[in-house]
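Below you'll find the structure, written out as structure tokens, and then a few comments.
Both ligands and their constituent atoms are indexed starting at 1 by order of listing. From a predicted model like this one, the values you see are computed outputs, not experimental measurements.
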Amino acid sequence: MAQNSENSTNQDNFQLTSGGDSSLDLPRLKGTIGPDVVDIRRLYSELGCFTYDPGFVATASCSSELTYIDGEQGILLHRGYPIQQLAANSTFTEVAYLLLNGELPNSSELSNFEGQLSNYSMIHDQLTRLFSGFRRDAHPMAIMVGVVGALSAFYHDSLDINDPQHRMVASYRLIAKMPTIAAMAYKYSIGQPFMYPRNALTYPENFLYMMFGVPTEEFEVSPVLAKAIDRIFILHADHEQNASTSTVRLAGSSGANPFACIAAGIACLWGPAHGGANEAVLAMLEEVGSVNHIPEFIDRAKDRDDPFRLMGFGHRVYKNYDPRAAVLRESAHAVLEELGVRDEPLLELAMELERIALEDEYFVERKLFPNVDFYSGIIFRAMGIPVSMFTVLFALARTVGWIAQWKEMIEDPDQRIGRPRQLYTGPVERNYVAMDQRS
Ligand code: SDX
């Protein structure tokens with residue numbers, strides 16, 4: 001938890017003066033690494049004013065021990081472990097355990113955790129009927145929002161957020177069922193029967209089996225694909241207080257059940273400025289079409305009157321290369337090679353687009369670099385994942401981070417219902433005007 005300097009010997013506070021003679025000492029809170037924060041909890045009661053920070057650019061909404069990002073250096077740590085090391089050496093289920101419990105598991109802890117996930121990987125059979133209420137061409141994210149929210153209608157024995165056992169079971173259920181629901185959304189969209197999970201398969205293998213297996217024949221999961229998708233899941237697991245994680249925390253702060261909170265996170269992630277960007281990158285690359293069209297699109301991205309943005313570029317926090325994008329960029333060639341995809345024109349186009357953008361003053365000045373979404377879609381596509389499923393896979397992986405952040409919030413003694421204020425700019429009080437008095 002954040003150390004309150006009010007209890008420390010060096011009274012290292014911030015002094016806020018409001019122009020007149022009134023001033024206020026605001027405590028400086030220190031974390032283990034990263035920027036200190038100004039504790040403004042007494043600001044309104046003492047000075048009668050709010051802070052103003054649309055988009056929460058400079059606002060810490062909580063203290064957390066899960067993930068640390070240094071945007072200037074391009075650093076990402078999960079419980080202190082660099083993302084590059086986790087991507088190279090760990091597995092998604094091991095990273096899930098780490099985020100949930102704070103330490104890397106030993107072998108028996110990991111196999112017990114993975115066994116639990118296997119046991120929770122099926123969904124209530126009545127839930128399968130929910131899918132038939134959707135059009136076959138529904139966006140799979142629409143199905144994910146609906147079906148994940150509906151889990152709260154079935155698992156009444158894990159809805160009590162104040163019961164640690166309920167919280168743990170709900171966490172396992174969500175992590176375990178997301179691949180099953182995601183694969184079902186895909187199968188539903190192509191009119192194929194649902195595939196049930198198989199406990200003998202690993203987490204990534206099971207997902208690929210449920211996505212691409214059919215009941216009529218055996219399906220051998222490619223170890224190359226399984227390793228590639230597992231690494232991509234690791235890179236998407238958690239990312240501090242991003243928009244969808246903040247949505248999950250805000251929903252959870254009212255006491256809403258975890259299934260409803262994760263459904264809220266899925267809804268927020270869907271936006272093209274957030275998790276929907278991986279799908280939008282593919283659409284953009286296909287629109288660009290060829291290297292000689294790149295300058296035209298770079299100009300459009302720079303034109304304030306043109307809503308076009310370079311999707312997969314820029315980030316609220318990273319003002320350096322997103323370390324996840326760097327891992328994906330490196331592994332893209334390797335994965336495509338292993339998949340036997342010799343020349344992927346979209347990858348060559350993406351790399352040329354990146355090269356040109358990173359030499360352009362507009363992007364350099366604004367420190368706009370590729371983010372996690374810039375390369376992920378190219379790898380997904382090479383793996384045979386349809387574009388409409390890209391953000392679903394992001395949500396599948398981020399469920400680990402969402403539920404770990406939700407659990408941390410529920411267990412945080414400082415947490416209370418989230419309820420921001422505003423700067424009111426509307427009309428002052430006025431009297432009602434009868435219809436016959438109106439112009
Ligand atoms: C994710 O927060 C997270 O951690 C998110 C995420 C996670 O793991 O959870 O990392 C996942 O959401 C990654 C981001 C995916 N989104 C995109 O790739 C969409 C394209 N990017 C932009 O929409 C934008 O960069 C954001 C939304 C990512 C960040 O927006 P900010 O922080 O509000 O920045 P901004 O819009 O204020 O931009 C600052 C300037 C502006 O120009 P000026 O007004 O200074 O002239 O940079 C420009 C913007 O116009 N700009 C871009 C741009 N991104 C920012 N110009 C062209 N193309 C872009 N992509």
Under-4.0 Å heavy-atom contact between protein and atom 26 (C) of ligand 1
no
4.0 Å heavy-atom contact, [X] with ligand 1:
X	answer
S244	no
R398	yes
D373	yes
Y318	no

Return yes if some donor-acceptor pair links the side-chain N/O of R366 with the main-chain N/O of Y362 below 3.5 Å, else return no.
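Answer holds: yes.
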Is the shortest heavy-atom distance from the side chain of Q405 to the side chain of S64 under 4.5 Å?
yes
Heavy atoms, side chains only, cut-off 4.5 Å: are N119 and N199 in contact?
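The answer is yes; the side chains approach within 4.5 Å.
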Just to confirm my output: which protein heavy-atom neighbour is closest to [atom], and how far is it?
atom	answer
atom 28 (C) of ligand 1	G314 O, 3.7 Å
atom 58 (N) of ligand 1	L310 N, 3.1 Å
atom 56 (N) of ligand 1	Y362 OH, 3.0 Å
atom 2 (O) of ligand 1	N242 CB, 3.4 Å

List ligand 1 atoms under 4.0 Å from [X], heavy atoms only on the residue side.
X	value
R316	29 (C), 31 (P), 32 (O), 33 (O)
G312	17 (C), 18 (O)
A277	15 (C), 16 (N), 17 (C), 18 (O)
A301	56 (N), 57 (C)

What pair of heavy atoms forms the shortest contact from [X] to [Y], and how long is it?
X	Y	answer
A395	T399	O-OG1, 2.7 Å
A357	L310	CB-CD2, 4.0 Å
F194	M184	CE2-O, 3.3 Å

On the 0 to 90° scale, with breaks at 30° and 60°, tag the F374-F313 ring pair as parallel, tilted or perpendicular.
perpendicular
Using heavy-atom distances only, which candidate in [options] approaches [atom] most closely?
atom	options	value
atom 11 (C) of ligand 1	H236, H274, K319	H274
atom 8 (O) of ligand 1	E365, R324, H315	R324
atom 38 (O) of ligand 1	R304, M311, R366, R309	R309

Quick one: does [X] get an N or O within less than 3.5 Å of an N or O on ligand 1?
X	value
D322	no
F394	no
L368	no

For Y44 and F50, I'd like to know if the aromatic rings sit close, meaning centre-to-centre distance below 6.0 Å.
yes
Stacked cation flag R198 on Y209, 6.0 angstrom / 45 deg
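The answer is yes, since R198 meets both limits relative to Y209.
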